[in-house]
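Here the structure comes first, spelled out in structure tokens, and everything after it is commentary.
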Amino acid sequence: ELVAPSFYAYNTDLMSRIASVLGREEEAAYYKDLNAKIRDAFAKEYLQADGRLAAHFQGIYVLALQMKLVPENMETKVLDHLLQLIEKNDACLDTGFLSVPFLLDVLTRHGRKDVAYRLMYQTKCPSWLYEVEHGATTIWEAWQAIMPNGKVTNVSYNHYAFGAVGNWMYREIAGLKPLEPGYASVRICPGLDSGLSYAEASYLSPYGQYYVQWTQQRDRGSLHVVIPPCCTAEIILPSGQKKVGSGIYDFTL
């Protein structure tokens with residue numbers, strides 16, 4: 001009941017923006033107005049004064065925050081319920097196919113990247129690294145495809161949905177974020193707050209391959225980037241910001 005209007009809002013927002021890009025302003029205005037009505041109806045029907053939603057699950061709070069179904073003055077209260085549910089679940093996620101792609105972004109965008117990293121590095125079930133520690137080389141359909149006692153269940157062991165975390169890892173850990181369609185322009189901001197000492201990623205864009213590698217030890221580190229032809233990048237360093245064109249660059253952190 002709450003998932004359907006969440007994606008109704010998501011789709012109407014997309015349609016409004018797509019219509020605007022195409023110069024179809026009448027349709028853009030129609031979908032923008034419809035989106036506002038959906039958001040207003042959702043809040044009136046499902047959102048309580050203390051920020052609790054009618055369906056008290058991690059995934060619903062993630063969708064409500066991601067699809068902007070919560071008035072700005074209520075976002076902190078809604079986020080608090082999400083954080084409480086994560087703690088109640090022994091600091092583990094409890095999201096399904098439709099909400100897990102947005103979980104870490106919602107936490108990051110609302111200033112709780114520390115919780116996002118905690119979920120990312122969690123090894124108890126359910127978590128991504130639980131799968132790795134139980135021999136996974138591909139993403140499973142179910143968090144407990146192999147149960148803690150070693151029992152192997154009858155589900156897919158090469159499934160796409162929970163692998164959405166890879167998108168966040170590219171942007172927030174490797175630090176490669178698109179600024180324009182097709183990666184014509186990017187921002188590279190290495191995730192030095194991730195607790196890792198090393199990260200490496202590459203992405204084959206329509207213009208060619210981007211490559212990012214960073215290391216850090218104690219109070220120093222290095223950043224190596226490759227920007228393909230006809231592209232630009234904003235490099236975010238602890239010392240400041242640099243804008244560069246295509247080429248190969250090395251920076252001391």
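With contacts defined as side-chain heavy-atom distances shorter than 4.5 Å, the pair Ser99/Phe57 does not qualify. When side chains are defined from C-beta on, Lys243 does not count as touching Ile235, because their heavy atoms never get closer than 4.5 Å. Counting heavy atoms from C-beta on, the side chains of Lys124 and Cys92 come closer than 4.5 Å. Asn89 has its side chain within reach of Pro126: a pair of non-hydrogen atoms, C-beta onward, lies under 4.5 Å apart. When side chains are defined from C-beta on, Leu223 does not count as touching Asp250, because their heavy atoms never get closer than 4.5 Å. You'll find the side chain of Ile188 stays beyond 4.5 Å of the side chain of Lys177, heavy atoms only. Counting only heavy atoms from C-beta outward, the side chains of His81 and Leu53 never approach each other to under 4.5 Å. Residues Glu172 and Thr108 have side chains in contact (heavy-atom distance under 4.5 Å, counting atoms from C-beta outward).
Formation of a donor-acceptor pair under 3.5 Å by the Thr252 side chain with backbone atoms of Ser222 is not found in this model.
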Review point. Going through the checks in order, is the side chain to side chain contact (heavy atoms under 4.5 Å, CB included) test met by Asp80 and Gln84?
Key: CA-CA 6 Å; Asp80 285 343; Gln84 289 168 22; 4.2 Å; yes

Check your understanding: Run the ring pair (Phe, Tyr, Trp, His ring centres under 6.0 Å) check on Trp168 and Tyr117 step by step: do they pass?
Key -> CA-CA 11 Å; Trp168 183 87; Tyr117 282 134; 5.6 Å; yes

Point to revise | Intermediate values then yes/no, side chain to side chain contact (heavy atoms under 4.5 Å, CB included), Val70 and Tyr61 | key: CA-CA 9 Å; Val70 178; Tyr61 287 97; over 6 Å; no

Check your understanding: Going through the distances and angles, do Gln213 and Tyr211 end up as a side-chain hydrogen bond (donor to acceptor under 3.5 Å, both in side chains)?
Key -> CA-CA 7 Å; Gln213 180 194 75; Tyr211 178 77; 3.3 Å; yes

Check your understanding: For Leu83 and Arg112, what are the C-alpha separation, side-chain angles and deciding distance, and is it a side chain to side chain contact (heavy atoms under 4.5 Å, CB included)?
Key -> CA-CA 9 Å; Leu83 296 172; Arg112 295 311 306 265; 3.5 Å; yes

Exercise for review: Run the numbers on Glu234 and Leu179 for side chain to side chain contact (heavy atoms under 4.5 Å, CB included), then give the verdict.
Suggested key: CA-CA 9 Å; Glu234 295 178 6; Leu179 295 179; 3.8 Å; yes

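For the pair Tyr210 and Thr232, the tightest heavy-atom approach, listed with the atom from each and the gap, is OH-O, 4.3 Å. Listed here is the closest heavy atom pair of Trp143 and Cys125: O-SG, 3.6 Å. Here the closest heavy-atom approach between residue Met74 and residue Gly51 is recorded as CE-N, 3.7 Å. For Ser194 against Tyr121, the heavy-atom pair with the smallest separation is O-OH, 2.7 Å. Among all heavy-atom pairs drawn from Cys231 and Tyr183, the shortest one is SG-O, 3.8 Å. Scanning both residues, Val165 and Met120, for their nearest heavy atoms gives CG2-SD, 3.7 Å.
In this structure, Lys68 NZ and Ile38 CD1 are separated by 14.0 Å, a value rounded to the nearest 0.5 Å. Atom CD of Gln58 is separated from atom CD1 of Ile86 by 5.0 Å, given to the nearest 0.5 angstrom. With values rounded to the nearest 0.5 angstrom, Leu65 atom CG is found 12.0 Å from Asp105 atom CG. Here Gln217 contributes atom CD and Thr215 contributes atom OG1; the two are 6.5 Å apart, rounded to the nearest 0.5 Å.
Evaluated for a side chain to side chain contact (heavy atoms under 4.5 Å, CB included) with Pro228, the options Ser205, Ser246, Pro206 yield exactly one hit, Ser205.
Classification of the Tyr160-Phe97 ring pair by plane angle, with boundaries at 30° and 60°, yields tilted. Between Phe102 and Phe7, the ring planes are tilted. Angles from 30° to 60° get that label.
Judged by distance alone, the side chains of Tyr198 and Glu200 do bring a donor and an acceptor atom under 3.5 Å apart. Between the side chains of Tyr10 and Asn35, not a single donor N or O lies within less than 3.5 Å of an accepting N or O. In summary, the side chains of Tyr46 and Glu1 do present a donor paired with an acceptor at a separation below 3.5 Å, with no hydrogens or angles considered.
The pair Lys37-Asp33 counts as a salt bridge, with a side-chain nitrogen and a carboxylate oxygen less than 4.0 angstrom apart. Between Lys32 and Asp13 there is no salt bridge, since no side-chain nitrogen of the basic residue lies less than 4.0 Å from a carboxylate oxygen of the acidic one. Ion pairing of Lys113 with Asp193 is present here, as a side-chain N (NZ or NE/NH1/NH2) and a carboxylate O approach within less than 4.0 Å. Between Glu180 and Arg187 there is no salt bridge, since none of the side-chain N atoms of the basic residue sits less than 4.0 Å from a carboxylate O of the acidic one.
At most 12 non-hydrogen atoms from other residues, nucleotides or ligands lie less than 6.0 angstrom from CD of Glu26. Within 6.0 Å of atom CG in Asn154, 12 or fewer heavy atoms from other residues, nucleotides or ligands are found, so the atom counts as exposed in its surroundings. Tyr203 OH: more than 12 foreign heavy atoms inside a 6.0 Å radius. Heavy-atom neighbours of Tyr157 OH from other residues, nucleotides or ligands within 6.0 Å: above the threshold of 12.
If you look at Phe251 and His224, their ring centroids are not closer than 6.0 Å.
Hydrophobic clustering of Ile, Leu, Val, Met, Phe, Trp and Tyr side chains at less than 4.5 Å, counting indirect connections, unites Val100 with Leu119.
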